[in-house]
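Comments concern the structure below.
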Number of protein chains: 2
Amino acid sequence: MGGAGVTSAPGIAPGRVHLQAGEILCEQGRPALAAYPVRTGGLKGVYESQLGWRQVSRFFMPGDVPGLEAHDAPAYGISVVALQDTECCVVPIEAVQAGLANAELRAAALDIFRRQTRRQSELLIAIGSMKAAQRLAMLLLDLAGEQARRGVADSVLTLTMTRNDIASYLGLTLETVSRLLSRFRSAGLITVRHRLLRIVDEAGLAAVHADPERVTLRGPGVD
Amino acid sequence: MGGAGVTSAPGIAPGRVHLQAGEILCEQGRPALAAYPVRTGGLKGVYESQLGWRQVSRFFMPGDVPGLEAHDAPAYGISVVALQDTECCVVPIEAVQAGLANAELRAAALDIFRRQTRRQSELLIAIGSMKAAQRLAMLLLDLAGEQARRGVADSVLTLTMTRNDIASYLGLTLETVSRLLSRFRSAGLITVRHRLLRIVDEAGLAAVHADPERVTLRGPGVD
DNA sequence: CGCTTTGTTGAAAAGAGTCAACCCCGGTGG
DNA sequence: CCACCGGGGTTGACTCTTTTCAACAAAGCG
C-alpha cells in the first residue's frame, strides 16, 4: 500500500492513470488538481478525521468521478484508493471549471452532486439509527442498484472491497459483516463465496432493510 | 407544531420571518424558494429518508443560513424547524443566485459549504465509529466552539434542543444522552440543569472525545 | 511450499437500547 | 392560590445487539 500516487507529477496533464489495488489516486488535504472519471475497476473514498479516525465514506465505480466534489475547493476532501486494478481518466481542474461553464454539463454535475449528498444522508441515517442487518442489506441493494443503473443486468456482484472496508463504511466491525453475510446466506437471501455475491431474494433483502427483526445475528437460522 | 410555515406565501419577497418553537421554516422536498439567514434563535435540520426514518442532521444558530445548501437544487434537502423563538431574514433564491455572482460572496459561500461538509463528515465518523460518550463530548465542544466563533466568550451554553434532538443527531437514545450528561457532571466536566450547561473542564471533555474509556455509562462514578 | 492477508466462526463482555417508574417545572383553570 | 396536567428529563433494571478476543480455515503470493 501507499503507492507513489498520481499527485507526485509536477503538472497535471489530461490523460489516463492506471492503478493497482492499494494505490492512491488522490490524498485528502492535498491540492485538488484534477478529477478522475473512473473507466474500469473500483475505488474507495476514505475520510480521515482531525483526531485521526479513518472511515470509508463511499465507493467509486465506473462512471463515478472521484475528485469532482472538490471542483471548487482548494484541496481534496477525502483520499481515494484503488480496490483493484483500475483505470481513470485525468481531467485537470481547469478543464473541469471550463466544462462547468457549459450549462448542460453543469446540470449533469449538479445532478451527480445531488445524488451524492442524498446518498450521504441515507448513509448517515443508516449508521445512526438502523441495525447492522439493515445497513448491510441496504449496501447490497445499493451496489446492485448501481450496477443495474450502469446497464449490467446481472444479479451477481463482485465485491471489490474487503469485509473491513464494508464494515468501516457501515460503521460496524468486520466480524459482524462476515457473520451477517453468512446469516443472509443461510436465510436464502444471497449466496456468497469470498468476493462473489449473488442476490437471490431481492425482495427479502428489501424486507430486511425495512424491518430490523427480519434477520438478526443470533436467533434461529434457517435449518 | 406544524405551523403554517413560510412557504405558503405565493411569492417569496425579501424580509423577515418570525417563528416560534416547533414552527417549520422550510420542508424537505418542497421547492427551494429562499435562503434564511438566522438572526436570533435556533433551529434544527431534519432529514427524512425514503423509508421514513427521520434524523436531526444539524443545528442552525445565528449566522447560519438554512436553505443555502439548496441554492442550486430544485428543492430543499432537509426540513428546518425552529427550536425556540427565532428570527430569520428571507433571501429569495434569485437574490442568492445574484449574490453568488459576486466573487467575494461566492468565496464566502464556498467557505460555508466546506465547513458544513467537513462537519457532516466528522459527524459520520462520530456516529460510525465513536462511543456514545465521545460523540456527546464532541457535540458539546462543537457547540461551545461555535458560540466562541460567534464572539460569545462564555462557557455557559443554552441548549435550545431537547435531549431527543441531541440523541437523534448523535444516533443515540434520549436516555443515553441523559445518563451521559449526568455522568459528565458527576465527573466534574460540566454542570447541567435542564437546558443550561456550563463546560467546567474543557480539556477533560476533549480527553473524553479522544479516549473512549475516559467516561463510560457504567463503572464507578466520581464519589 | 510456507507465509501473509483475508475471512469465518465461537464464546464472553460490554455498550447501548428498551421498558418503566418517577421527578421537576411551567401552565391552566378551578 | 392551589391542584392538576403534560412535556421534558432523570434514573433503574433488564435485554439484546454488537464488539472484542481468540482460534482457525482459505486464498493469494512470493
Side-chain angles (χ1 to χ4, degrees), chain A residues 1-2 20-22 44 56 83-85 126-137 158-168 170-186 190-197 208 211-221, chain B residues 1 20-22 44 53 83-85 126-137 158-186 190-197 208 211-221:
Chain A
M1 50 188 74
Q20 291 185 304
K44 61 178 171 182
V56 173
L83 293 166
Q84 55 175 153
D85 272 29
I127 293 183
S129 34
M130 304 199 319
K131 302 229 180 273
Q134 296 180 276
R135 302 185 212 177
L136 184 56
T158 304
L159 302 176
T160 58
M161 64 294 283
T162 68
R163 302 285 188 264
N164 223 329
D165 291 329
I166 295 177
S168 170
L170 296 176
L172 300 168
T173 57
L174 82 175
E175 292 99 324
T176 301
V177 170
S178 182
R179 272 186 253 271
L180 242 20
L181 285 174
S182 299
R183 192 149 279 275
F184 281 3
R185 180 179 42 197
S186 68
I190 61 174
T191 61
V192 233
R193 184 169 169 71
H194 312 308
R195 303 292 183 87
L196 243 55
L197 186 149
V208 170
D211 176 4
E213 313 289 297
R214 207 63 180 243
V215 173
T216 53
L217 229 38
R218 21 190 97 221
Chain B
M1 51 189 73
Q20 292 185 305
K44 62 177 170 182
W53 301 105
L83 293 167
Q84 56 175 150
D85 272 29
I127 293 183
S129 35
M130 304 198 321
K131 303 232 180 277
Q134 296 179 276
R135 303 186 212 176
L136 184 56
T158 304
L159 302 176
T160 59
M161 64 295 284
T162 68
R163 302 285 189 265
N164 224 327
D165 291 329
I166 296 177
S168 171
Y169 179 73
L170 296 176
L172 300 168
T173 58
L174 83 175
E175 292 99 324
T176 300
V177 170
S178 182
R179 270 186 256 270
L180 242 20
L181 284 174
S182 300
R183 192 149 279 275
F184 282 2
R185 180 180 41 198
S186 69
I190 61 174
T191 60
V192 234
R193 185 167 169 72
H194 311 308
R195 302 293 183 86
L196 243 55
L197 187 149
V208 170
D211 176 4
E213 313 289 295
R214 206 65 180 241
V215 173
T216 53
L217 229 37
R218 23 191 96 219

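Naming convention: chains lettered A, B, ... in sequence-line order (proteins, then strands); numbering from 1 in each chain. Source: prediction; values computed, not measured.
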- Separation of A/Gln84 atom CD from D/dC29 atom P, in whole Å? 13 Å

- Message: Restricting to non-hydrogen atoms, name the atom on A/Leu83 and the atom on A/Ala21 that form the minimum distance, rounded to 0.1 Å.
- Response: O-CB, 3.5 Å

- Query: At their closest point, which heavy atom of B/Val192 faces which heavy atom of B/Arg185, and how far apart are they?
  - Reply: O-NH1, 3.3 Å

- Task: Would you mind building the protein contact string for nucleotides 20-27 of chain D? One character per nucleotide, 5' to 3', B for base within reach (heavy atoms under 4.0 Å), S for sugar-phosphate only, - for untouched.
- Result: BB----SS

- For A/Leu159 and A/His194, what are the C-alpha separation, side-chain angles and deciding distance, and is it a side chain to side chain contact (heavy atoms under 4.5 Å, CB included)? CA-CA 8 Å; A/Leu159 302 176; A/His194 312 308; over 6 Å; no

- Query: Could you give the distance from CD1 (B/Ile190) to CG (B/Leu181), rounded to the nearest 0.5 Å?
  - Reply: 5.0 Å

- Message: For A/Val177 versus A/Arg163, what's the shortest heavy-atom pair and its separation?
- Response: CG1-CD, 4.1 Å

- Query: Between D/dG28 atom P and A/Leu83 atom CG, what is the distance in whole Å?
  - Reply: 17 Å

- Item | Nearest-angstrom distance from the residue atom CD of A/Gln20 to P of D/dC29 | 10 Å

- Quick one: A/Asp85 CG to D/dC29 C1', roughly how many Å, whole number? 15 Å

- Query: At under 4.0 Å, does any side-chain N or O of B/Ser182 touch on OP1 or OP2 of D/dT11?
  - Reply: yes

- Query: Picking from D/dG9, D/dT18, C/dT8, which would you name as closest to the side chain of B/Ser178?
  - Reply: D/dG9

- Item | Interatomic distance where CD1 belongs to A/Ile166 and P belongs to D/dT18 [whole Å] | 16 Å

- So CD1 of A/Ile166 and CZ of A/Arg135: to nearest 0.5 Å the spacing works out to 14.0 Å

- Query: Roughly how far apart are B/Lys131 NZ and B/Thr176 OG1, rounded to 0.5 Å?
  - Reply: 13.0 Å

- Message: I need the minimum non-hydrogen distance between B/Val208 and B/Ala133, along with the two atoms involved.
- Response: CG1-O, 3.8 Å

- Between the main-chain N or O of B/Gln84 and the side-chain N or O of B/Thr160, is there a donor-acceptor pair closer than 3.5 Å? no

- Item | d(CE, B/Met130; P, D/dT19) in whole Å | 15 Å

Pairs under 3.5 Å (N/O, protein and nucleotides 5-8 of chain D):
none

- Query: Expressed in angstrom and rounded to an integer, what is the separation of A/Asp211 atom CG from D/dT17 atom P?
  - Reply: 12 Å

- Message: If you compare all heavy atoms of B/Asp165 against all heavy atoms of B/Lys44, which two are closest, and at what distance to 0.1 Å?
- Response: OD1-NZ, 2.9 Å

- For A/Leu170 and A/Ile127 the tightest heavy-atom approach is O-CG1, 3.6 Å

- Task: Classify the nucleic acid contact of A/Leu181 as base, sugar-phosphate or nothing, counting any heavy atom under 4.0 Å across all strands shown.
- Result: nothing

- Difference in axis direction between the ends of the helix from C/dC1-D/dG30 to C/dG30-D/dC1, five pairs, 10°: 30°

- Query: If you look at every strand shown and take non-hydrogen atoms under 4.0 Å, does A/Leu174 touch a base, only sugar-phosphate, or nothing?
  - Reply: nothing

- Query: Roughly, in whole Å, what's the span from CZ in A/Arg183 to P in C/dG7?
  - Reply: 20 Å

- Report the distance from atom CG of A/Leu196 to atom OG1 of A/Thr158, rounding to the nearest 0.5 Å. 5.0 Å

